[in-house]
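Everything numeric in this text was worked out from a predicted model, so none of it was measured. Chain A is the first sequence line, chain B the second, and so forth, proteins listed ahead of strands; every chain is numbered from 1.
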2 protein chains.
Amino acid sequence: MKRKITLKHIARELDVSISTVSKALKNSEEIGQDTKEKIQAFARLYNYRPNNIAISLKNKKTKNIGVIIPDIVHHFFTTVFRGIEQYANAKGYNVIVCVSDESFDKEVINMEMLANGSIDGFIMALAGETQLKNDYNHLKEVTEQGIPLVLFDRVTDEIHCDKVIINDEEAAYLAVKKLIASGRKKIALVTTEGYLNVSAKRTEGYYRALREHGLEVKPDLVLELPYQKEDDKKSEAFFKNRSMDAVLCVNEIFAVKSMGIVQRLGKRVPEDIAFVGFTDGILSRLSTPTLTSVDQHGELMGETAARMLIEKIENDHDQEEEESYETQIIRATLVERESTLGQV
Amino acid sequence: MKRKITLKHIARELDVSISTVSKALKNSEEIGQDTKEKIQAFARLYNYRPNNIAISLKNKKTKNIGVIIPDIVHHFFTTVFRGIEQYANAKGYNVIVCVSDESFDKEVINMEMLANGSIDGFIMALAGETQLKNDYNHLKEVTEQGIPLVLFDRVTDEIHCDKVIINDEEAAYLAVKKLIASGRKKIALVTTEGYLNVSAKRTEGYYRALREHGLEVKPDLVLELPYQKEDDKKSEAFFKNRSMDAVLCVNEIFAVKSMGIVQRLGKRVPEDIAFVGFTDGILSRLSTPTLTSVDQHGELMGETAARMLIEKIENDHDQEEEESYETQIIRATLVERESTLGQV
DNA sequence: TTGTAAGCGTTATCAC
DNA sequence: GTGATAACGCTTACAA
């Protein structure tokens, strides 16, 4: 087993001082040509690599960024993560991920773990529970310590920091508007219980589109489902007992499931009922019929978040006080597929 | 901005030495009751938290584990990751993820970055390119340095280390056997090009099942598709021009796509053609018809890998030389759904 | 009971 | 040109 070699080893072996070795390896002008060559050759031979931890301690920079997301087995978060990871990596940063599992406590614990020196900044989407509790002290503490923070998707007005969101309200509005333009009149909504931030905004957009086009807003055309738990009974009853010609769903899982239920009830998609989902993932592309869906551009979102964060991290030293925070809005786009084909 | 406080600050403030503070905060018997209380109160007040980096440097343990996977927007890897993350977190470890993107170079770079002190051990699945090149020097170096490594799913015999795999060959064998038992006789295979390890094993299982049941092995009933790129033309031609009554696919994406194509060609699933996929993910549950699929138990796999790794990490100090490596086999299970219903 | 000092691996400043 | 020294934040023998 060849253990990792340190400056000290090289110094001892070549009978020079540690600082000489350090400088030689940085090709410093101070060091004589022959000594440099000798040291560099030795270092190469033994495959010397500086110890990241020691450098972190010295520089007070870890070159790590902490990402805390509610769930990892989830297309959207995964996509955002890829955007973060790619950008960060290109900039020489590593990414430490923690999953809050929608739990407030886990979010707090993970944040505290990472905040004690492990990372230079955070990128996160709030846990559902955190949004419900409306308790953001853990975020406040972190920002007060001067650790840069970027929130994405699941954000809050309570915290002043950089944010990246999509135009949820508008995207839903535009999707519904399109349905209306194609002749649909009885448009239902399938959304989540418990009012996650984003679902709430999408719901607003849905209502606004109806109102602005003089369509009646019927509360009984709105179905609220639990966020993760499967509950097909409720959906079946909903679709069986109501008349509608289009459905907006706040995510693609709800949409694909609903399409399945509706088709089993003998209705045709899109002829009888059109469907639009959010989160343009693999399900949308592979369902039958393929699903028209709002693409949230997760990867771009992640990249944007990472860019904002790294920007803050690397400029932190000078402008101490002139805190200026930005909210970037990623414009969602509607990807049209079979589930909304045709004019009614 | 309240900057993070250190032992030194506390010591200076309370006019004691750093070591006294350190000991007091660990509730050491050495320190007098009143001093302890004074120090602890002060620390609590200013919310003192030890700096992880300093501790890492001291202990030569980072409490981080490095995970390198080919892709993150991928149900199976994501599931494994969740298993790793949960177990690791419960044991007080954080997880640093790097994505190799199926690239050999990225895999090497990421490994080297992390190996220089950032992590205590690796869990990884090999990049496709790495398996093709058959070059594992980066893994060798890491293990020779005494950094524990656990490979999962995409493994290699070239490296001696702990491994976690599923019984791919057997799982495919059993799936095909089941198809045969239900009366299917002309069974096709949809697999990946380039022979990823796992696909190759599944292919073997497919062949073995046919042979053992006296069915003819027809090479033209085997379709090889590119791993990621969409190429529907090829599939369409395949299904249009051949007669078959069942299909085994090496992943659920291939399966769901194929089902779509076949249905568009006017055939019924499962009446005319039965389908079985691998990777029991969300697609399998939500496709129409729902897909019978081999559950690879990713989460268990991740948890197992994390357990093996942490075990090695925490026992490294004593048994230096008596290297004993283990290969855990997770038994895949067939989840039967609509796509294989009924007897022919 | 408290403090001093060395050490983890590096870098930077200053002396020789 | 080269080396000693201090520092990053913490732990821990060992002194006092």
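Across all strands shown, A:K23 has heavy atoms under 4.0 Å from base atoms, whether or not it also approaches the sugar-phosphate. Across all strands shown, A:T6 has heavy atoms under 4.0 Å from sugar-phosphate atoms exclusively, and none from any base.
Between the CG atom of B:D120 and the C1' atom of C:dC8 there is a distance of 14 Å, given to the nearest Å. A:R3 places its CZ atom 11 Å from the P atom of C:dG9, with the value rounded to the nearest Å. Across the protein-nucleic acid pair, B:L7 atom CG and C:dC8 atom P stand 19 Å apart, rounded to whole Å. Straight-line distance from the NZ atom of B:K60 to the C1' atom of C:dG7: 10 Å, rounded to whole Å. Put simply, CD on B:Q33 is 12 Å from C1' on C:dT1, counting in whole angstrom units. Nucleotide C:dT11 holds its C1' atom 13 Å from the CG atom of A:N51, rounded to whole Å. Distance B:I55 CD1 to C:dG9 C1': 17 Å, rounded to the nearest Å. Taking atom OH on A:Y48 and atom C1' on C:dT11, their separation rounds to 10 Å, with Å as the unit.
Distance from the side chain of B:I31 is smallest for C:dT2 among the nucleotides C:dT2, C:dG9, C:dT11.
Between B:M124 and B:I69 there is no side-chain heavy-atom pair separated by less than 4.5 Å.
A salt bridge links B:R307 and B:E303; the closest N-O separation between the charged side-chain nitrogens and carboxylate oxygens is under 4.0 Å. Residues B:R154 and B:E102 are paired through a salt bridge, judged by an N-O separation under 4.0 Å between the basic side chain and the carboxylate.
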request  = Evaluate ring-ring contact (aromatic ring centres under 6.0 Å, His included) for A:H9 paired with A:Y48, printing each intermediate quantity in order.
outcome  = CA-CA 10 Å; A:H9 294 128; A:Y48 169 78; 9.6 Å; no
message = Could you walk me through whether A:I313 and A:Y93 satisfy the side-chain contact (heavy atoms from CB on, under 4.5 Å) test, starting with their C-alpha distance in whole Å, then the side-chain angles of each, then the deciding distance to 0.1 Å, before giving a yes or no?
response = CA-CA 11 Å; A:I313 290 175; A:Y93 284 77; 3.6 Å; yes
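Annotation: of the two residues near DNA chain C, B:K36 and B:K58, the 5′-most nearest-nucleotide partner is B:K36. Nearest-nucleotide mapping onto DNA chain C: of B:T35 and B:L57, the residue sitting toward the 5' end is B:T35. Nucleotides of DNA chain D nearest to B:E30 and B:R49 differ in position, and the one nearer the 5' end is that of B:R49.
Between the side chain of A:N52 and the backbone N or O of B:L114 there is no donor-acceptor pair closer than 3.5 Å.
Neither OP1 nor OP2 of C:dT2 sits under 4.0 Å from any side-chain N or O of B:T20. Side-chain nitrogen and oxygen atoms of B:K61 include none within less than 4.0 Å of the OP1 or OP2 phosphate oxygen of C:dC8.
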For residues 142-150 of chain A, dump all side-chain donor-acceptor pairs below 3.5 Å to protein atoms at least two apart in sequence or in another chain.
from: A:T143; atom 1: OG1; to: A:L139; atom 2: O; distance (Å): 3.2
from: A:T143; atom 1: OG1; to: A:K140; atom 2: O; distance (Å): 2.8
from: A:Q145; atom 1: OE1; to: B:K4; atom 2: NZ; distance (Å): 3.1

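For C:dT4, the base has no donor-acceptor partner in the side chain of B:S17 [N/O atoms by modelled type, under 3.5 angstrom]. At a cut-off of 3.5 angstrom, the base of C:dG9 holds no donor-acceptor pair with the side chain of A:K4.
With a heavy-atom cut-off of 4.0 Å to chain A, the contacted part of DNA chain D has its first and last nucleotide at D:dG1 to D:dG9.
Classified by interplanar angle (parallel below 30°, tilted 30° to 60°, perpendicular above 60°), the ring pair B:H74/B:F77 is tilted.
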